[in-house]
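All residue numbers in this chain count up from 1 along the given sequence.
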Amino acid sequence: MPTDTLDISLLGKTYSVACRPEDREGLLAAIAFLEEKLNSLAARTNASGEKLAVMTALNIAHEFLQFQHSGGFDMQAAKRRIGLVNARLDGVLAQQEKLF
């Protein structure tokens with residue numbers, strides 16, 4: 001399978017990552033998630049560089065293991081959240097339609 005190279009920037013450093021075209025969207029989502037976690041932890045602590053990366057990795061691993069031990073994904077909660085998001089979107093779209 002063909003792979004592309006995606007250049008990403010984390011903690012002020014640029015990395016080239018091999019990525020199949022069909023995985024690009026998922027990888028970009030993972031990068032955004034990681035960036036949010038890094039920025040969140042950096043704002044709460046004085047950590048930076050390698051220490052920040054390791055602390056963030058430990059936090060993500062801990063969250064993942066808690067998720068696994070709690071039985072995994074809560075489909076009903078996800079459906080409720082999707083319903084709330086849809087309701088908000090419908091409200092915003094209805095306001096936009098009034099403008100035109």
Side-chain angles (χ1 to χ4, degrees):
M1 287 194 141
T3 59
D4 295 335
T5 301
L6 182 64
D7 290 332
I8 64 170
S9 180
L10 292 168
L11 298 176
K13 292 186 180 183
T14 301
Y15 302 91
S16 292
V17 180
C19 176
R20 295 183 311 205
E22 62 270 20
D23 295 333
R24 182 181 175 89
E25 187 176 322
L27 180 58
L28 290 172
I31 292 164
F33 176 81
L34 179 55
E35 231 174 357
E36 163 62 31
K37 292 291 188 178
L38 287 165
N39 291 333
S40 175
L41 191 59
R44 293 190 325 259
T45 67
N46 290 329
S48 63
E50 185 178 337
K51 182 177 180 180
L52 177 62
V54 170
M55 289 173 62
T56 301
L58 286 172
N59 284 342
I60 292 171
H62 179 71
E63 289 171 10
F64 174 73
L65 291 174
Q66 282 186 318
F67 174 77
Q68 275 190 324
H69 292 300
S70 69
F73 191 71
D74 183 352
M75 183 60 80
Q76 292 304 319
K79 286 181 179 180
R80 282 191 300 274
R81 291 185 75 186
I82 290 170
L84 290 171
V85 169
N86 280 335
R88 283 184 179 173
L89 288 172
D90 289 342
V92 169
L93 290 173
Q95 289 176 352
Q96 291 296 316
E97 288 176 1
K98 291 178 185 177
L99 296 174
F100 299 102

* To do: Report yes or no: does Ser40 contribute a side-chain atom to a donor-acceptor pair with the main-chain N or O of Glu36 at less than 3.5 Å?
  => no
* To do: Output, in order, the C-alpha distance, side-chain angles, deciding distance and verdict of side chain to side chain contact (heavy atoms under 4.5 Å, CB included) for Arg44 and Leu41.
  => CA-CA 5 Å; Arg44 293 190 325 259; Leu41 191 59; 3.3 Å; yes
* Considering the options Ile31, Leu27, Asp7, which one meets the side-chain contact (heavy atoms from CB on, under 4.5 Å) requirement together with Val17? -> Leu27
* Asked: Would a hydrophobic clustering, with Ile, Leu, Val, Met, Phe, Trp and Tyr connected at side-chain separations under 4.5 Å, put Phe33 with Ile8?
  -> yes
* To do: Mind running side chain to side chain contact (heavy atoms under 4.5 Å, CB included) on Asp4 and Arg24 for me, showing each step along the way?
  => CA-CA 9 Å; Asp4 295 335; Arg24 182 181 175 89; 5.7 Å; no
* **Test item: Glu63 and Lys37 side chains (from C-beta on) under 4.5 Å apart, heavy atoms** => yes
* Are Tyr15 and Leu52 joined in one hydrophobic group, where the rule is that I, L, V, M, F, W and Y side chains link up if heavy atoms are under 4.5 Å apart? -> yes
* Got a second to check how far Leu93's CG is from Asn86's CG, nearest 0.5 Å? -> 10.0 Å
* Hey, what do you get for NZ (Lys51) to CG (Asn46), rounding to the nearest 0.5 Å? -> 8.0 Å
* Out of curiosity, Asn39 CG to Leu11 CG, how far, rounded to the nearest 0.5 Å? -> 8.5 Å
* When rounded to the nearest 0.5 angstrom, what distance separates CD in Glu22 from OG1 in Thr3? -> 10.0 Å
